[in-house]
Amino acid sequence: MSDTATLTVSDRLMHILAEQAIVDRSEISPSSTLEDLGIDSVALVEVIFSIEETFDIAVPFNANEAESGEFDISSVGGMIKAVEDLISSRND
(Lines give C-alpha, C1' and ligand atoms only; values in the text may rest on other atoms or scores of the structure.)
Protein backbone atom coordinates (compact mmCIF):
# COMPACT_ATOMS: atom_id res chain seq x y z
CA MET A 1 0.00 0.00 0.00
CA SER A 2 1.22 3.50 -0.74
CA ASP A 3 2.20 6.11 1.78
CA THR A 4 -0.93 7.08 3.75
CA ALA A 5 -0.14 10.77 3.30
CA THR A 6 -0.85 10.45 -0.42
CA LEU A 7 -4.10 8.50 -0.04
CA THR A 8 -7.44 10.24 -0.36
CA VAL A 9 -10.01 10.35 2.44
CA SER A 10 -11.97 7.79 0.44
CA ASP A 11 -9.01 5.41 0.13
CA ARG A 12 -8.10 5.71 3.79
CA LEU A 13 -11.68 5.21 4.99
CA MET A 14 -12.20 2.21 2.73
CA HIS A 15 -8.97 0.72 4.08
CA ILE A 16 -10.29 1.13 7.66
CA LEU A 17 -13.58 -0.51 6.68
CA ALA A 18 -11.84 -3.36 4.84
CA GLU A 19 -9.66 -4.10 7.87
CA GLN A 20 -12.63 -4.09 10.23
CA ALA A 21 -14.87 -6.14 7.94
CA ILE A 22 -12.00 -8.48 7.02
CA VAL A 23 -12.76 -8.11 3.32
CA ASP A 24 -10.64 -7.13 0.36
CA ARG A 25 -10.68 -3.39 -0.34
CA SER A 26 -11.91 -4.15 -3.87
CA GLU A 27 -15.18 -5.46 -2.38
CA ILE A 28 -16.06 -2.01 -1.01
CA SER A 29 -17.71 0.72 -3.05
CA PRO A 30 -19.29 4.05 -2.10
CA SER A 31 -22.72 2.41 -2.34
CA SER A 32 -21.79 -0.37 0.12
CA THR A 33 -23.57 -0.30 3.46
CA LEU A 34 -22.15 -1.36 6.80
CA GLU A 35 -24.60 -4.25 6.71
CA ASP A 36 -23.24 -5.31 3.29
CA LEU A 37 -19.79 -5.43 4.86
CA GLY A 38 -20.92 -7.32 7.95
CA ILE A 39 -20.03 -4.43 10.27
CA ASP A 40 -22.26 -4.57 13.35
CA SER A 41 -22.62 -1.96 16.09
CA VAL A 42 -19.61 -3.25 18.03
CA ALA A 43 -17.39 -3.16 14.92
CA LEU A 44 -18.75 0.31 14.10
CA VAL A 45 -17.33 1.60 17.38
CA GLU A 46 -13.90 0.34 16.30
CA VAL A 47 -14.37 1.96 12.88
CA ILE A 48 -15.25 5.29 14.51
CA PHE A 49 -12.19 5.13 16.80
CA SER A 50 -10.00 4.40 13.77
CA ILE A 51 -11.57 7.28 11.81
CA GLU A 52 -10.95 9.69 14.70
CA GLU A 53 -7.33 8.58 15.07
CA THR A 54 -6.56 8.46 11.34
CA PHE A 55 -8.09 11.83 10.45
CA ASP A 56 -7.59 13.64 13.78
CA ILE A 57 -11.29 14.49 14.02
CA ALA A 58 -14.05 13.96 16.58
CA VAL A 59 -16.98 11.97 15.24
CA PRO A 60 -20.27 13.09 16.85
CA PHE A 61 -21.23 11.08 19.95
CA ASN A 62 -24.38 9.62 18.35
CA ALA A 63 -22.83 8.75 14.98
CA ASN A 64 -23.97 5.15 15.29
CA GLU A 65 -27.60 6.32 15.29
CA ALA A 66 -28.49 6.63 11.61
CA GLU A 67 -31.40 8.95 12.33
CA SER A 68 -29.19 11.48 14.15
CA GLY A 69 -28.18 13.03 10.84
CA GLU A 70 -24.90 14.34 12.24
CA PHE A 71 -22.70 11.65 10.68
CA ASP A 72 -24.08 9.66 7.77
CA ILE A 73 -23.46 5.93 8.22
CA SER A 74 -26.08 4.85 5.69
CA SER A 75 -23.39 4.02 3.12
CA VAL A 76 -19.65 4.17 2.61
CA GLY A 77 -20.17 7.20 0.36
CA GLY A 78 -22.11 8.93 3.13
CA MET A 79 -19.34 8.20 5.59
CA ILE A 80 -16.72 9.57 3.19
CA LYS A 81 -18.67 12.83 2.84
CA ALA A 82 -19.19 13.04 6.62
CA VAL A 83 -15.45 12.59 7.26
CA GLU A 84 -14.57 15.16 4.58
CA ASP A 85 -17.04 17.61 6.17
CA LEU A 86 -15.52 17.09 9.63
CA ILE A 87 -12.01 17.59 8.25
CA SER A 88 -13.16 20.75 6.47
CA SER A 89 -14.83 22.16 9.59
CA ARG A 90 -11.69 21.40 11.62
CA ASN A 91 -9.67 23.48 9.16
CA ASP A 92 -12.05 26.48 9.25
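K81 contributes atom NZ, which lies 8.5 Å from atom OG of S88 (distance to the nearest 0.5 angstrom). Rounding to the nearest 0.5 Å gives a distance of 5.0 Å between CG of L34 and CD1 of I39. Note that the CZ atom of R25 and the CE atom of M14 stand 4.5 Å from one another [nearest 0.5 Å]. In this structure, CZ in F71 is found 6.0 Å from CG in L86, a value given to the nearest 0.5 Å. Note: L17 CG to I80 CD1 = 8.0 Å, rounded to the nearest 0.5 Å.
Residues S31 and S29 have side chains that bring a donor and an acceptor to within less than 3.5 angstrom of each other. The closest side-chain donor-acceptor pair between D11 and T8 falls under 3.5 angstrom.
For D36, there are no salt bridge (charged side-chain N to carboxylate O under 4.0 Å, His left out) partners, not counting sequence neighbours.
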Verdict with reasoning, M79 to V47, per side-chain contact (heavy atoms from CB on, under 4.5 Å): CA-CA 11 Å; M79 292 179 74; V47 167; 4.0 Å; yes

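The main-chain N or O of V59 is found under 3.5 Å from a side-chain atom of E52 such that the two form a donor-acceptor pair. Checked by atom type and distance alone, the side chain of S32 never pairs as donor or acceptor with a backbone atom of I28 at under 3.5 Å. No donor-acceptor pair under 3.5 Å is formed between the side chain of T54 and the backbone N or O of I51.
Taking every heavy atom of both residues into account, F55 and I16 meet most closely at CE1-CD1, 4.2 Å.
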